[in-house]
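Scroll down for the structure; my scribbles are underneath it.
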Amino acid sequence: MEIPKGHYVFGTVKVGERGQIIIPKEARDVFHIKAGDTLIVLGDEKWGIAVTKSDVLERHANDVFRKISEGDKDEHQ
């Protein structure tokens, strides 16, 4: 199976005794993750967990809120 451009499989990681994982170097390089960055762990009981940089999620949330706000303005015109 070919992985679509922009999608990645970085392999597997083991969870340590304290619940820690090591993010593979290639993933850190692709997503510009460095020591001290804040990550958000999201979860869905059906799909599992996902980890993303907090600034990425914040940027997407701001886009959503901006579009909602613009939609509200259009409805009141």
Side-chain angles (χ1 to χ4, degrees):
M1 176 176 90
E2 186 173 328
I3 298 172
K5 183 175 175 49
H7 297 253
Y8 303 88
V9 175
F10 296 109
T12 61
V13 298
K14 295 234 186 232
V15 178
E17 289 182 25
R18 294 178 34 195
Q20 297 171 317
I21 63 169
I22 296 174
I23 299 169
K25 182 178 181 344
E26 184 182 0
R28 295 190 316 263
D29 291 345
V30 167
F31 294 104
H32 310 287
I33 297 169
K34 60 187 180 317
D37 283 349
T38 300
L39 305 178
I40 296 178
V41 180
L42 305 168
D44 180 282
E45 290 183 1
K46 180 179 178 183
W47 295 101
I49 63 172
V51 178
T52 188
K53 289 178 70 174
S54 62
D55 62 329
V56 171
L57 186 60
E58 182 180 358
R59 190 168 54 246
H60 287 295
N62 285 335
D63 287 345
V64 168
F65 293 137
R66 181 179 43 77
K67 289 177 182 176
I68 290 170
S69 176
E70 289 171 356
D72 287 345
K73 290 177 189 173
D74 292 341
E75 291 177 9
H76 292 96
Q77 292 180 353

Indicate yes or no for a side-chain donor-acceptor contact from N62 to the backbone of R59 under 3.5 Å, with no hydrogens or angles considered. no
Would a hydrophobic clustering, with Ile, Leu, Val, Met, Phe, Trp and Tyr connected at side-chain separations under 4.5 Å, put L39 with V41? yes
Between H32 and K53 the two heavy atoms that sit nearest each other are O-NZ, 2.9 Å
Shortest non-hydrogen pair, I3 vs Y8, comes out as CG2-N, 4.2 Å
With clusters defined by side-chain heavy atoms of hydrophobic residues (ILVMFWY) lying less than 4.5 Å apart, directly or transitively, does I33 cluster with F10? yes
Can you get from V64 to L57 by hopping between Ile, Leu, Val, Met, Phe, Trp and Tyr side chains that sit under 4.5 Å apart? no
May I ask you to decide if T38's main-chain N or O and S54's side chain share a donor-acceptor pair within less than 3.5 Å? yes
So CD1 of I22 and CZ of R28: to nearest 0.5 Å the spacing works out to 8.0 Å
To the nearest 0.5 Å, atom CZ of F65 lies from atom NE2 of H60 at 13.5 Å
For the CG atom of D37 and the CD1 atom of I23, what is their distance to the nearest 0.5 Å? 9.0 Å
K25 and D29 ion-paired at < 4.0 Å: yes
Run Q20 and V13 through side-chain contact (heavy atoms from CB on, under 4.5 Å) and show every step you take. CA-CA 10 Å; Q20 297 171 317; V13 298; over 6 Å; no
